[in-house]
Amino acid sequence: MPYIQQLSPHVADLIAAGEVVERPASVVKELVENAIDAGATAVVVEIQGGGISLIRITDNGCGIAPGELSTAFLRHATSKLRRSEDLAAIGTLGFRGEALAAISAVSRLDVFSRQRGAQTGASLHLEGGVPEAVEEAGCPEGTTMAVRELFYNTPARRKFMKTDSAEAAAAAAVVSQIALSHPEISVRLIRDGREELHTPGDGRLLSAIYAARGRDFALGLVEVDGGGEGVAVKGYVTEPLAGRGSRAMQTFFCCGRIIRSSLLTAALEEAYANRQMKGRFPGCVLHIDLPLHQVDVNVHPAKTVVKFVNERALFSAVHHTVADALDAAGRASASQAVPPTPPTAPPPPSEPQAGKTAPRDGFYQTMDAQTFRGKTAPQRAGEIRAAGSELGGRLTFRDAAPPRYGDRSLQSAGRPTPPARREALPASVPTPAAEREPAAPAGQTALPPEQTTFTPKPAPWRFAGEILRTYIVAEDGDEVWLIDKHAAHERINFDRLKAGAEPIMRQQLLAPLAVELPREQYAALLENLPLLEEFGFEAEDFGSGCLMVRGVPADLDEGLVRETLEDLSEKLLTGGNADPAAVRDAMLHTMACKAAIKGGWTSDPAELRALIERVQSGEVQYCPHGRPVKVKISKYEIEKMFKRA
Ligand code: ADP
Ligand code: MG
């Protein structure tokens with residue numbers, strides 16, 4: 001065994017340098033961060049040969065005193081940290097005092113610096129970290145660092161470098177990120193003599209995004225500004241339809257520092273759940289600010305990984321702020337086409353309120369679970385029939401000629417098969433002998449339902465018709481709206497089911513239905529009978545792969561029972577070890593989809609109008625799989641097609 005000896009400072013520096021300086025991009029990051037810490041308002045980054053030949057960073061910051069120039073390159077030399085207590089609240093980007101030592105150890109470096117207000121500046125040359133003499137130099141206020149021949153003395157590391165263009169791209173990515181982290185600083189990147197990026201430094205994040213991420217990205221954004229529990233969340237996120245194929249466009253800053261965090265990614269993506277198509281990812285530039293002592297940045301030499309004291313609060317702040325912004329943006333975009341205060345603006349999407357079941361404005365009728373539970377079973381059964389024209393009790397479709405109570409208008413119109421004779425009951429109530437008399441919804445006088453009239457108010461839009469038995473055509477001012485009736489209805493169903501505010505109505509089948517299933521699917525369903533019951537199914541094991549179904553959700557066509565059960569079992573099987581909430585969501589998708597009107601079915605215009613209304617109100621934006629529910633075409637676009645414009 002050779003004898004033990006302390007490493008020479010030079011070798012120790014080289015080892016340490018390996019941690020901080022992995023590739024040219026890391027040099028760029030450290031040097032630009034130093035410029036920012038020095039209070040610069042403009043930073044120019046030049047790179048040549050992928051950053052291996054040259055990286056030159058020029059700033060107009062505070063500069064370094066000639067007497068401190070060589071000290072700055074010593075290991076653990078810093079002006080940003082004095083006492084151990086300072087580590088608990090780090091407000092600068094740098095603090096470890098390692099970067100200059102590390103970078104100079106693996107390159108040939110020149111620095112020129114002049115302090116603000118000083119008559120002259122000074123320069124210093126270092127070869128592999130060994131400084132030459134400090135010399136007086138005429139230079140502008142601020143600092144210029146020129147790093148040449150990176151890794152010239154560490155050939156092993158040099159070999160790991162990718163092509164010049166890959167290294168340059170990585171460096172450019174770092175510069176973009178820094179530009180986004182400090183919109184108040186003008187950042188310029190010149191690569192092999194060509195300007196690649198130039199942010200104005202006007203303090204507006206959107207300007208920086210425009211310059212760094214491009215026009216397309218900047219135009220599809222929603223502004224986010226909010227937070228909670230001491231966490232501020234500010235910035236921009238992509239509109240759900242502008243999702244990307246990867247997470248590359250997700251940029252998070254914490255207290256001005258770029259960070260990678262699976263927690264933040266999850267919080268962001270959770271806000272897009274059921275809004276974004278599968279396989280698409282939101283993009284963002286989000287600034288998260290919280291008290292410095294709530295974050296530990298001293299976890300990794302590259303300082304891109306941080307620890308949060310209160311992860312739950314952070315998750316919740318990001319998730320809710322983004323979700324709220326997306327909701328608000330959705331409503332705003334829907335109302336853009338509507339006059340500011342339309343005389344007949346549809347009532348805002350409302351949660352059911354206890355004790356209120358009277359129809360409002362003749363369009364909506366809600367029944368909340370509490371009111372519902374407070375009644376006798378026969379009363380309930382009657383009410384279900386009374387409200388039974390709708391999608392599980394939430395929405396009634398009423399128009400100039402209101403359908404008779406008891407019509408299952410959305411369900412029955414144009415169906416390939418007429419609905420079977422059956423009774424509707426809330427899923428949670430056992431099967432009593434239901435009375436036939438329809439009772440008036442609570443809060444209403446007991447007029448015979450047929451005589452109840454509703455006066456529909458003129459809508460700001462006009463129902464123009466339906467095409468391909470799938471798309472509703474509506475006209476609103478100078479815009480034509482195409483609405484996918486299935487997608488819209490599916491979304492309404494899904495939101496209602498997910499909110500879980502009302503019991504799911506079950507209808508008892510007069511003749512039970514035997515559903516035979518493949519072994520695996522059968523087993524999956526058997527294990528989850530209580531869940532099926534929650535969804536409105538009443539089923540029992542009939543042995544050898546057969547389920548006997550006695551009750552089904554009220555808004556599910558009998559012809560679709562088998563298909564729906566198969567789908568549900570697939571979701572259970574593929575869900576495997578996944579998060580139970582996600583499996584449940586997937587199952588709710590199935591329920592919402594199966595209970596929705598389908599493309600290809602003929603629909604009653606009254607139903608279609610009711611759908612338009614929900615889409616117009618902004619409440620319905622995307623189907624639960626993230627596909628758009630509506631497409632708007634402007635008069636101008638149409639005129640262009642006909643070469644009139
Ligand atoms: P750290 O940033 O962690 O303090 P560095 O090795 O990056 O360590 O820098 C060492 C010191 O050199 C800094 O603390 C700062 O005082 C000084 N310095 C580095 N770059 C600049 C710059 N561009 N302008 C002014 N001072 C600088
Ligand atoms: Mg530094």
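Every value quoted in this text rests on a predicted model; they were computed, and no experiment measured them.
Closest of all the heavy-atom pairs between A172 and E196 is CB-OE1, 4.2 Å. Taking both residues in full, the closest heavy atoms of A487 and P628 are given as CB-O, 4.5 Å, listed atom of the first, atom of the second, then distance. Nearest heavy-atom pair across L290 and C254 is CD2-SG, 3.6 Å. The nearest pair of heavy atoms linking Y272 to E239 is CE2-C, 4.4 Å. The two residues T470 and G599 have their closest heavy-atom pair at OG1-CA, 3.6 Å. Closest approach of A212 to L197, counting heavy atoms only: CA-CD1, 3.5 Å.
Using a 4.5 Å heavy-atom threshold, the side chains of M505 and D555 count as separate. Taking the side chain as every heavy atom from C-beta outward, R584 and E534 approach each other to under 4.5 Å. You'll find the side chain of D289 stays beyond 4.5 Å of the side chain of K234, heavy atoms only. The shortest distance between side-chain heavy atoms of V615 and I612 does not fall below 4.5 Å. Side-chain contact between R257 and S181: absent, with no pair of heavy atoms (C-beta onward) separated by less than 4.5 Å. In this structure, the side chains of Q177 and K29 stay at 4.5 Å or more apart for every pair of heavy atoms. The shortest distance between side-chain heavy atoms of P282 and V237 does not fall below 4.5 Å. When side chains are defined from C-beta on, R614 does not count as touching H489, because their heavy atoms never get closer than 4.5 Å.
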Going through the checks in order, is the side chain to side chain contact (heavy atoms under 4.5 Å, CB included) test met by L264 and I259? CA-CA 10 Å; L264 295 178; I259 55 161; 3.6 Å; yes

Applying side chain to side chain contact (heavy atoms under 4.5 Å, CB included), run through L568 and F537 and close with a yes or a no. CA-CA 11 Å; L568 290 176; F537 289 97; 3.8 Å; yes

Give the intermediate values and the outcome of salt bridge (charged side-chain N to carboxylate O under 4.0 Å, His left out) for residues K630 and E479. CA-CA 12 Å; K630 61 157 201 291; E479 281 182 337; over 6 Å; no

With side chain to side chain contact (heavy atoms under 4.5 Å, CB included) as the criterion, how do R275 and D327 come out once you've worked through the C-alpha distance, each side chain's angles and the decisive distance to 0.1 Å? CA-CA 10 Å; R275 284 187 236 247; D327 284 346; 2.6 Å; yes

Set out, in order, the CA-CA distance, both residues' side-chain angles and the distance that settles side chain to side chain contact (heavy atoms under 4.5 Å, CB included) for V285 and L221, then state yes or no. CA-CA 10 Å; V285 178; L221 295 177; over 6 Å; no

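Judged by distance alone, the side chain of D476 and the main-chain N or O of W461 form no donor-acceptor pair under 3.5 Å. A side-chain donor-acceptor contact under 3.5 Å links T199 to the backbone of V187. Remark: the backbone N or O of R312 is not paired with any side-chain donor or acceptor of S316 at under 3.5 angstrom. Counting only distance, with no hydrogens or angles, the side chain of E637 and the backbone of S634 share a donor-acceptor pair below 3.5 Å. Side chain of T321 to main chain of G227: a donor-acceptor pair is present (N/O by atom type, distance under 3.5 Å, no hydrogens or angles). Using modelled atom types, one side-chain atom of R491 and one backbone atom of Y622 make a donor-acceptor pair closer than 3.5 Å. Judged purely by atom type and a 3.5 angstrom limit, K598 uses its side chain to pair as donor or acceptor with the backbone of A596.
Residues that satisfy the ring-ring contact (aromatic ring centres under 6.0 Å, His included) test with F494, not counting sequence neighbours, are H589. Partners of F253 by ring-ring contact (aromatic ring centres under 6.0 Å, His included), not counting sequence neighbours, listed by chain and number: H287.
Note that the CG atom of L497 and the CG atom of L588 stand 5.5 Å from one another [nearest 0.5 Å]. One finds the CD atom of Q250 at 8.0 Å from the OG1 atom of T238 (value rounded to the nearest 0.5 Å). Here the SG atom belonging to C284 is positioned 9.5 Å from the CD1 atom belonging to I209, to the nearest 0.5 angstrom. Between F252 atom CZ and I288 atom CD1 the span is 6.0 Å, to the nearest 0.5 Å. The line from NE2 of H319 to CG of L268 is 10.0 Å long, rounded to the nearest 0.5 Å. Within the model, atoms OG1 of T251 and CD1 of I258 stand 5.5 Å from one another, a figure rounded to the nearest 0.5 Å.
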